[in-house]
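Throughout, protein chains are lettered first and strands after them, A, B, ... in sequence-line order, and every chain is numbered starting at 1. The structure displayed is predicted, hence computed values, not measured ones.
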Amino acid sequence: MTDPTHHLLELRGVTKRFGKVTVATDLDLVVSAGETLGIVGPNGAGKTSLFAMISGDLHPDSGAVLFAGRDITGVSAHRRARLGLGRTYQVPRPFEKMTVFENVLVAATTGAGTRGQAAATLAGETLDRTGMYDVANRVAGSLTLLQRKRLELARALATRPRLVLLDEVAGGLTDPEVAELVTLVRSLHDTGIAVVWIEHVVHALTATVDRLACLAGGRVVADGLPADVLADPTVRELYLGQAVATDEDVA
Amino acid sequence: MGLLNAVVQGVLLGGLYALYAAGLSLMFGVMRIVNLAHGDLGVVAAYVALVLVTHTFLPVWAAVVVTVLLSAVAGYLLQRLLLQRSLSSGPLATLLVTFGLSVILQNVLQELFSADTRSLDTGTFATAAIHLGEISVSYLGLLGLGLALATIVGVQLYLSRTATGRMMRAASDDPEVATLVGADARHVYAVATSIALASVALAGMVFAMRSSFSPTIGSMSLIFAFEAVVIGGLGSLWGTLLGGLGLGLAQSIVGYYDPADSILAGHLLFLAVLALRPQGILAARGT
């Protein structure tokens, strides 16, 4: 794995337009191996489109996406998943008719490339780690929102990713539930998986991430330590049009 | 005793309908493709087997095996080269493409083989039967029913026990998410179409052994296959088996009293199910 830049993920000058709407303008972003990066920004800032371009659902009009030192701009989504890019959706999308275990097993076989007993073991371990072991045989369509969010994460983890993209995992959850998920995301960090986390619940981010980036109008307008980014006047103005919610404000 | 025999014949006939319908059901279940060329693809297989038997030294059983393998390959290519492209343009596009394919296949067959009826000669096997009192169970009928059971049980095991099978269910549920966990949806779809064509090839050849066939009979088998799928419940293979058996039984039992009403009885059962239980006998789980 030769990686001259030491970045696991790098976006270079990425631009994407839908008609007159620009979701990314000459956007640069890097993520190092094992790093946890939080992304904030107002609605329509291009956060979810950014994820889609990293995971391969969307292809940029120009610019390049590099992963582990390799240009993956033209690589299809399923190959990116096999290379170690995992993703969760804002609204969880489990395979409704399959059991929780089968959901994770598909990821373990197709994403991580394991077979037979090894795949079952990986799926079991992942369910254990995400606290979903007890409901392994339930049909995914019958799960609660928190369980669905956990399954979403479990399925991404079972592909043995080097980088996981989390899209608003805390949205719609109660504070104690958010706290549980924060613990889970921190445990990913401890196992060396890099995380890029889009979140509106800012206190969940600041409690977890190493670095924070603020997106607006398809550009990165601030990027640095969480405290510095939240104190940035541009961010304050763009993101909330008011003082950015700090831990005290939210709690 | 005559009625009992009609029931037995209905089950055997229903087995053949289920075999015809299995591939249609699978393609609809996995990709939401309604393949209007399904019946014609079975007829093409019958002609391929006929050509193999007439122009090579292959015995019939070997011609059947070769044709099934060829159909599986053709199914994979059909999906990758033709259906996959139309799939991205919505359900109407796949309907039109498969309808066009049906017209082309029927006309090419007429051009190559004329509109004359043919049959796939299996010698004494075609008429051999087990006699139990007044009931006669033909080997060909048992073959059709056996192949239908084997196909449906086999595909079910494949879907629940193998990695590709689970991928197929995942891609059926949400192709975009399946892709994001590393599944190549296009490959998985092509495997599904490959299985569908192999099974309809079997159905087409068993039909060709039972009765005479011509280039245009595919439309009729498509209708029966459709009715079996709808009666059984969309997206459920076990339902398709039950639907095929129900259709065969309705035709055979009514045909015992009045042969002229046999086909009509099948259509009426179909209409009754549509009116009273539109989701079919066994609706797909979770929907």
key: Greater than 12 external heavy atoms within 6.0 Å of A/Tyr133's OH   =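 12 or below, so no.
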message: Check this for me: A/Arg17, atom CZ, are more than 12 non-hydrogen atoms of other residues, nucleotides or ligands nearer than 6.0 Å?
response: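 No, CZ of A/Arg17 has 12 or fewer neighbouring heavy atoms, counting only those of other groups under 6.0 Å.
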Can you tell me how far apart [atom1] ([X]) and [atom2] ([Y]) are? Round to the nearest 0.5 Å.
X: A/Arg82; Y: B/Asp184; atom1: CZ; atom2: CG; result: 6.5 Å
X: A/Arg93; Y: B/Glu176; atom1: CZ; atom2: CD; result: 4.5 Å
X: B/Asp173; Y: A/Glu102; atom1: CG; atom2: CD; result: 11.0 Å
X: A/Arg80; Y: B/Thr179; atom1: CZ; atom2: OG1; result: 12.5 Å
X: A/Leu105; Y: B/Arg166; atom1: CG; atom2: CZ; result: 4.0 Å

### Heavy-atom pair with the smallest gap, counting every atom of A/Arg115 and B/Ala163
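Heavy-atom minimum between the residues: NH1-CB, 4.1 Å.
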* So, for A/Ala81 and B/Gly182, which heavy atoms are closest and what is the spacing to 0.1 Å? ->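 Looks like CB-N, 3.4 Å.
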Would A/Lys97 and B/Arg169 count as a side chain to side chain contact (heavy atoms under 4.5 Å, CB included) if you check the C-alpha gap in whole Å, the side-chain angles of each, and the deciding distance to 0.1 Å? CA-CA 8 Å; A/Lys97 292 175 212 164; B/Arg169 285 160 62 209; over 6 Å; no
Margin query: Between B/Ala185 and chain A, with a heavy-atom cut-off of 4.5 Å, which part of the residue counts as in contact: side chain, backbone, both or neither?
Written below: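 Contact with chain A: none, neither part.
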*asked:* Taking side chain as everything from C-beta outward and backbone as N, CA, C, O, which of these in A/Thr110 sits under 4.5 Å from a heavy atom of chain B? Side chain, backbone, both or neither.
replied: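 Answer is both: backbone and side chain atoms of A/Thr110 are under 4.5 Å from chain B.
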### Message
Please classify the contact between A/Ser55 and chain B as side chain, backbone, both or neither, with a heavy-atom cut-off of under 4.5 Å.
### Response
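For A/Ser55, heavy atoms of backbone and side chain both lie under 4.5 Å from chain B.
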Problem set entry | Steps toward side chain to side chain contact (heavy atoms under 4.5 Å, CB included) verdict (A/Glu152, B/Val177) | CA-CA 10 Å; A/Glu152 193 80 5; B/Val177 174; 5.7 Å; no
| said: So A/Asp57 and B/Leu180, do their side chains get closer than 4.5 Å, heavy atoms only? | reply: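 SC-SC contact between B/Leu180 and A/Asp57 confirmed.
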Legend entry - Stepwise side chain to side chain contact (heavy atoms under 4.5 Å, CB included) check, B/Val181 with A/Arg155: CA-CA 7 Å; B/Val181 295; A/Arg155 200 173 48 187; 3.8 Å; yes
